[in-house]
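Notes follow once the structure below has been shown.
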Amino acid sequence: MKVLLPLVALTAVFLAISQGSPISAENEKVVYCYFESWTVYRPGNGKFDVENIDPSLCTHVAFTFLGINADGTLNILDPWESNPDGLNGFERLVNLKKENSNLKILASLGGWNEGSLKFSTVVADSAKRTNLVNSVISFLNQYGFDGLDFDWEYPSRRDSENPEDKDNFSKMLEELKVAFIPRGFILSAAVNCAKVNVDISYNVTLLNEYLDYVNVMCYDFHGEFDNYTGHHTLLYSSPIDTEFNNSEWNIDDGIKYWLASGMDPAKMNFGIATYARTFTLVDSTKSGLYEKISGAGIPGPYTRIAGVLGYNEICELYPNRTDIFDDVQMVPHVVIGNQWIGYDNEQSIGIKVDYALNKSLGGFMLWSFDTDDFTGLCGDGTYPLTRIIHDKLAQRGFTLKKN
Ligand SMILES: *[C@@H]1O[C@H](CO)[C@@H](O)[C@H](O)[C@H]1NC(C)=O
Ligand SMILES: *[C@@H]1O[C@H](CO)[C@@H](O)[C@H](O)[C@H]1NC(C)=O
Ligand SMILES: *[C@@H]1O[C@H](CO)[C@@H](O)[C@H](O)[C@H]1NC(C)=O
Ligand SMILES: *[C@@H]1O[C@H](CO)[C@@H](O)[C@H](O)[C@H]1NC(C)=O
Ligand SMILES: *[C@@H]1O[C@H](CO)[C@@H](O)[C@H](O)[C@H]1NC(C)=O
Ligand SMILES: CC(=O)N[C@H]1CO[C@H](CO)[C@@H](O)[C@@H]1O
């Protein structure tokens with residue numbers, strides 16, 4: 001297989017496919033759902049498996065995560081969950097297409113735990129890049145997936161501060177795209193939302209050229225990794241953010257910067273979080289923003305990670321909670337004893353959906369639908385948060401993208 005086409009040929013291929021371009025019609029929107037494969041090991045009501053996915057609620061489902069080996073080949077991180085001699089997760093996932101022929105199934109490579117350095121090493125080396133392209137193509141063909149989602153967190157950051165990551169990542173995506181075009185595979189990436197991080201990690205012009213979608217991770221702005229309370233999905237900054245020199249540390253500034261940098265709005269999926277970031281307050285009577293914390297909030301029964309709670313855990317643990325809605329940041333939090341819980345409810349998701357539609361974005365990404373109330377135990381039906389997206393789309397005259 002010849003991977004490296006000259007640029008002229010690449011341009012010609014792009015022109016040739018512009019007719020069947022993956023970009024949605026104006027009134028069609030994407031709902032791109034991430035499936036966290038490790039949720040099959042969650043206990044009790046939190047256990048989420050492939051069959052819990054409602055394929056009618058998504059246009060795309062991405063399996064998370066595949067890893068990467070030092071030579072650039074793919075690494076199946078949990079062969080027991082994925083393979084036919086175990087739980088056969090890949091095949092069962094692809095079988096969802098039988099229930100919704102419009103559904104596309106992608107495999108997501110990377111994620112937080114895979115780190116940054118391994119990717120930095122692979123994309124810097126032409127032979128390793130070729131290994132990755134070949135390994136991805138053979139994986140997609142073998143399991144019947146429709147494409148790859150590249151989730152490198154993050155080029156030129158964390159355990160790799162190599163400034164060349166950014167350009168090498170573009171090169172990697174170009175080579176994947178060239179190999180994908182004749183095969184009809186989809187190429188997306190999950191990207192950081194924060195304005196100050198965009199130029200460090202991404203050449204937006206080139207990402208816009210090579211990617212079918214960018215899934216903008218509009219979350220994790222604050223968390224127990226700070227030493228104070230803050231909302232992780234704040235849409236806008238409030239005056240106190242300005243006081244703490246965080247006036248551009250919010251979703252709105254990030255989305256506007258992606259757009260100003262040249263990303264086609266039709267390719268952007270606005271990331272909606274169905275989980276909270278939580279804190280333990282030093283003094284439960286001091287529960288505003290930027291108040292002292294002693295650490296992460298207590299873990300939930302299903303996600304079992306300090307500092308995080310799924311919406312399903314919040315609504316089950318605290319059915320009588322009172323949301324405190326910040327009318328400037330446009331997000332709710334609850335305070336229960338010394339626990340400070342910043343999350344999204346039906347109101348704040350509705351506002352975010354309107355925001356994204358007002359900006360003509362191509363659709364929405366969900367991280368993740370296994371922490372929505374997928375069982376409907378909390379009394380608002382199954383997937384109450386995900387359904388807000390669908391209700392809003394219908395109200396405003398949009399339909400789901402036809403793949
Ligand atoms: C992106 O890459 C192109 C082509 O290499 C280059 O001309 C441009 O300056 C780069 N932009 C940024 C912001 O790095
Ligand atoms: C914000 O930045 C200004 C100017 O650099 C500095 O004087 C001030 O201490 C900073 N405030 C906080 C809360 O960090
Ligand atoms: C957090 O840490 C910074 C730097 O050590 C300090 O200036 C600030 O006062 C701390 N904030 C809180 C709320 O404890
Ligand atoms: C929530 O309120 C209902 C109705 O008032 C009550 O029956 C229930 O015990 C409360 N649940 C909790 C966990 O406080
Ligand atoms: C979206 O646009 C409508 C109509 O202009 C406006 O009323 C609404 O406030 C906007 N919402 C957001 C979140 O931008
Ligand atoms: C294709 C490309 O841009 N390759 C560069 C990747 O990074 C290394 C250094 O880490 C450069 O030497 C390459 O030119």
Side-chain angles (χ1 to χ4, degrees), residues 2-7 10 44-45 68 70-72 115-134 150 152 154-179 189 194-196 199-207 209-210 221-222 225-231 234 237-250 253 286 288-293 298 300-302 309-323 334-337 339 341 343 345 373 377-380:
K2 191 164 183 297
V3 170
L4 283 161
L5 294 181
L7 191 59
L10 179 61
N45 294 333
I68 192 165
D71 65 355
S116 179
L117 183 59
K118 286 194 236 177
F119 290 104
S120 174
T121 310
V122 168
V123 302
D125 181 308
S126 155
K128 291 176 181 170
R129 286 198 305 269
T130 302
N131 286 347
L132 180 59
V133 171
N134 291 339
F150 213 126
W152 175 356
Y154 301 96
S156 311
R157 289 182 53 209
R158 298 184 62 205
D159 55 332
S160 165
E161 293 187 353
N162 182 352
E164 300 190 43
D165 285 357
K166 173 176 162 177
D167 288 337
N168 288 352
F169 182 44
S170 301
K171 188 80 194 149
M172 181 76 247
L173 293 176
E174 179 186 7
E175 291 173 13
L176 282 165
K177 183 65 177 176
V178 168
K195 179 178 175 182
V196 296
D199 287 335
I200 298 171
S201 297
Y202 311 111
N203 181 316
V204 176
T205 311
L206 295 180
L207 262 55
E209 196 173 336
Y210 304 138
F221 281 91
H222 293 284
F225 40 83
D226 299 324
N227 58 347
Y228 52 82
T229 55
H231 203 293
L234 72 171
S237 283
S238 66
I240 194 171
D241 293 307
T242 307
E243 198 182 307
F244 282 84
N245 297 327
N246 274 333
S247 60
E248 297 189 325
W249 192 248
N250 62 77
D253 278 290
K286 296 206 171 99
L289 295 167
Y290 295 92
E291 293 289 4
K292 278 203 172 73
I293 60 167
I298 53 175
Y302 310 139
L309 278 181
Y311 176 74
N312 56 338
E313 293 173 309
I314 295 170
C315 72
E316 218 183 303
L317 290 170
Y318 309 118
N320 301 330
R321 68 193 178 278
T322 305
D323 287 340
V334 289
V335 179
I336 294 155
Q339 297 296 296
I341 299 166
Y343 74 121
N345 63 11
D373 181 22
L377 266 174
C378 296
D380 295 320

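All values reported here derive from a predicted model rather than from experimental measurement. Order of appearance sets the numbers: ligands from 1, and atoms from 1 within every ligand.
- In the vicinity of Phe244, heavy-atom distances shorter than 4.0 Å reach the ligand 2 atoms 13 (C).
- A donor-acceptor contact closer than 3.5 angstrom is absent between the side chains of Glu243 and Tyr290.
- Considering only heavy atoms from C-beta on, Ser116 comes within 4.5 Å of Asp159 through its side chain.
- The protein reaches atom 11 (N) of ligand 2 closely, with a heavy atom under 4.0 angstrom from it.
- Residues Ser170 and Asn203 bring no donor and acceptor atom of their side chains to less than 3.5 Å of each other.
- Here is the list of ligand 6 atoms found below 4.0 Å of a heavy atom in Arg129: 1 (C).
- For the residue pair Tyr154 and Asp165, no side-chain donor N or O sits within less than 3.5 Å of a side-chain acceptor on the partner.
- Of all atoms in ligand 2, listed by their number and element, those nearer than 4.0 Å to a heavy atom of Glu243 are 11 (N), 13 (C).
- Scanning the protein for heavy atoms near atom 9 (C) of ligand 6, the closest one is Glu164 OE1, 3.0 Å.
- If you check which protein heavy atom lies closest to atom 5 (O) of ligand 4, you get Asn320 ND2, 4.8 Å.
- Less than 4.0 angstrom separates atom 14 (O) of ligand 4 from at least one non-hydrogen atom of the protein.
- Side-chain atoms of Asp253 do not come within 3.5 Å of backbone N or O of Lys195 as any donor-acceptor pair.
- When side chains are defined from C-beta on, Val334 does not count as touching Tyr318, because their heavy atoms never get closer than 4.5 Å.
- Atoms of ligand 6 found under 4.0 Å from any heavy atom of Asn162 (numbered from 1 in listed order, with element): 10 (O).
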* Intermediate values then yes/no, salt bridge (charged side-chain N to carboxylate O under 4.0 Å, His left out), Glu174 and Lys171 -> CA-CA 5 Å; Glu174 179 186 7; Lys171 188 80 194 149; 3.5 Å; yes

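- Within 4.0 Å of atom 2 (O) of ligand 2, at least one protein heavy atom is present.
- When only non-hydrogen protein atoms are considered, atom 3 (O) of ligand 6 lies nearest to Asn168 OD1, 2.5 Å.
- In this structure, the side chain of Ser201 engages the main chain of Pro155 through a donor-acceptor pair within 3.5 Å.
- Considering only non-hydrogen protein atoms, atom 1 (C) of ligand 6 sits nearest to Lys171 CG, 3.6 Å.
- Remark: minimum distance from atom 4 (C) of ligand 2 to any protein heavy atom is reached at Asn245 ND2, 4.7 Å.
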